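Because only heavy atoms are used, hydrogens play no part in the values below, and waters and symmetry mates are left out as well, while side chains stay in. Please read these numbers as outputs of a predicted model, since none were measured by experiment.
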Amino acid sequence: MRTRIRHGLAAALAVSALSLTAACGGGSTDDGKKKDGADKPSAGMPSPTPTSEAASATPLTDAQMKAGLLELKDLPSGWKTTKRQTGGVVYKAEKPECQLLAGMMSGTIDGSTKGPTADFAIGNNASEISEDVVTFPGTGAADFTKKLTTALDSCPDFAVTADGGKMKFTVKKLTAAPQGADEAHAFEIGMEVAPGITIKPNLVFVRQGTGVLRFLHLADAAGKKEFDSLSKLATDKFVKAAKG
């Protein structure tokens, strides 16, 4: 029962968390617009201009976003790829200042262009990874992480409604986030999905330039020990691709 709940939650988090559009400001783009963009900026974004300032504000290309995600060959032995489910529950925080955190499970980040996703599991889903990547024009990525920082400081716990029910969320910032990116924010979200049953995925949001990676790791107590090494692996690959 616990395994089913945990796996179902991972799917819901994965589907929603970077749909990622319930946080900043602006309009989202359609998935159908992000094809054949390997050698140009992501669909709907302006072409770069030959100035360093413009280059630093140029969104990641589709090729960069794809290259920034983990592949099975990057992970230790025993992992397998999994298929992401579609659809999801809409989570609404009772405190408006906490909606960004709740929105990770049900919305999309306004103003971003969504890239590909990657999902993995080990064993009987005892440990799961879900990755999403988005990119922004201009200062959109930095604006998003600034708002994320504010929400993490303001919302140690809050109530969320979903499917007509209510659950409690808790947020705990982790002491060490992966190094090497422009910014990285690591935290644990506790979700009381049923009386006496709390799911606690660890998340890292990594910003490099105009791109943002969301790395989610859901595991039992033993598997949580791998979070630091796995999130560092994901961060390094994303940063390298974003700089490329």
Tell me, please, which residues at least two apart from [X] pass side-chain hydrogen bond (donor to acceptor under 3.5 Å, both in side chains).
| X | value |
| --- | --- |
| Glu192 | none |
| Glu97 | none |
| Asp228 | none |

Is a donor on one side and an acceptor on the other found under 3.5 Å between the side chain of [X] and the backbone of [Y]?
| X | Y | result |
| --- | --- | --- |
| Thr139 | Ala142 | no |
| Arg214 | Ser130 | yes |
| Gln99 | Ala93 | yes |
| Asp182 | Gly209 | yes |
| Thr210 | Thr135 | no |

If you take all heavy atoms of [X] and [Y], which pair is closest and at what distance?
| X | Y | value |
| --- | --- | --- |
| Leu60 | Gly211 | CD1-CA, 3.7 Å |
| Met65 | Pro116 | CB-CD, 3.9 Å |
| His217 | Lys224 | CE1-CA, 4.2 Å |

Please list, one pair per line, the donor and acceptor atoms closer than 3.5 Å that link side chains of residues 148-164 to other protein atoms, with sequence neighbours excluded.
residue	atom	partner	partner atom	Å
Thr149	OG1	Thr145	O	3.0
Thr150	OG1	Lys146	O	3.2
Asp153	OD1	Lys173	NZ	2.5
Ser154	OG	Thr150	O	2.8
Thr161	OG1	Lys92	O	3.4

I'd like a table of donor-acceptor pairs (distance under 3.5 Å, sequence neighbours excluded) in which one partner is a side-chain atom from residues 235-244, with atom names and distances.
residue	atom	partner	partner atom	Å
Thr235	OG1	Ser231	O	2.8
Asp236	OD1	Lys232	NZ	3.0
Lys237	NZ	Leu69	O	3.2
Lys237	NZ	Glu71	OE2	3.0
Lys237	NZ	Asp74	OD2	2.6

Quiz item: In terms of ring plane angle, is the pair Tyr91 and Phe169 parallel, tilted or perpendicular, where the classes change at 30° and 60°?
Solution: tilted
Quiz item: Would a 4.5 Å heavy-atom cut-off, applied to side chains only, mark Asp119 and Glu128 as touching?
Solution: no
Quiz item: Taking side chain as C-beta onward, heavy atoms only, is Val134 less than 4.5 Å from Phe144?
Solution: no
Quiz item: Got a sec, which pairs hit disulfide bond (SG atoms under 2.5 Å apart) with one end in residues 186-244, sequence neighbours left out?
Solution: none
